[in-house]
Amino acid sequence: MTANPILLQKKYSRVIERFAKQQGLSLDAALNFFYHSEVYQLMRDGVSDMHCMSDAYLADELEQEYQIDPDNAR
């Protein structure tokens with residue numbers, strides 16, 4: 001299933017903002033991490049309808065991925 005591109009971009013921004021607050025990162029660092037994350041790839045490709053998950057769930061998934069590889073945020 002594919003999402004409306006405009007709605008998907010808005011979802012990305014909400015998730016990135018929430019993730020940045022959770023991790024105490026700048027928006028730039030959070031944005032960089034997000035666009036290199038597995039979570040982004042799954043959302044973009046519509047795998048398992050990841051884009052339908054809540055913003056909180058997706059931010060938590062990013063947090064788990066960040067704990068594994070925090071250097072990816074630089």
Side-chain angles (χ1 to χ4, degrees):
M1 181 174 150
T2 58
N4 178 300
I6 294 170
L7 296 178
L8 197 53
Q9 289 295 321
K10 289 181 179 186
K11 179 109 179 147
Y12 293 160
S13 67
R14 291 192 312 268
V15 171
I16 292 165
E17 185 176 8
R18 186 180 199 114
F19 171 66
K21 286 181 184 177
Q22 284 177 342
Q23 294 302 310
L25 297 172
S26 69
L27 286 175
D28 285 341
L31 180 72
N32 182 54
F33 184 82
F34 176 76
Y35 280 114
H36 291 94
S37 72
E38 189 174 324
V39 171
Y40 166 68
Q41 292 173 13
L42 294 173
M43 289 175 69
R44 178 195 64 205
D45 297 339
V47 175
S48 299
D49 290 335
M50 281 290 280
H51 60 280
C52 296
M53 301 297 179
S54 73
D55 297 349
Y57 174 83
L58 293 168
D60 288 346
E61 288 293 309
L62 276 175
E63 183 177 357
Q64 289 177 17
E65 193 172 335
Y66 181 75
Q67 290 174 354
I68 294 169
D69 187 15
D71 292 332
N72 199 17
R74 295 182 184 140

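Each residue takes its place number in the sequence, starting with 1. Note that the structure is a prediction, hence the values are computed from the model and not measured.
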Just wondering, more than 12 heavy atoms not from L7 lying within 6.0 Å of its CG?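 Yes, enclosed.
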Take atom CD in E38; do more than 12 heavy atoms of anything else shown fall under 6.0 Å from it?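 Result for CD/E38: open.
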Polar side-chain atom of D45 near backbone of V47 as donor-acceptor pair, under 3.5 Å: no
Please find the pair of heavy atoms, one from L62 and one from S37, that lie closest to each other, and give the distance.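 Nearest heavy atoms, L62 then S37: CD2-OG, 3.5 Å.
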On a heavy-atom basis, the closest approach of A20 and L27 is CB-CD2, 3.9 Å
Quick test of your reading of the model: are D55 and R18 salt-bridged, counting only N-O distances below 4.0 Å?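 The answer is no: the pair does not qualify as a salt bridge.
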Between atom [atom1] of [X] and atom [atom2] of [Y], what is the distance when rounded to the nearest 0.5 Å?
X   : Y   : atom1 : atom2 : result
H51 : L58 : NE2   : CG    : 10.5 Å
H36 : L31 : NE2   : CG    : 9.5 Å
E61 : M50 : CD    : CE    : 5.5 Å
F34 : S13 : CZ    : OG    : 9.5 Å
M43 : K11 : CE    : NZ    : 6.0 Å

Give me the one residue out of Y12, F19, F33 that meets ring pair (Phe, Tyr, Trp, His ring centres under 6.0 Å) with Y40. Y12
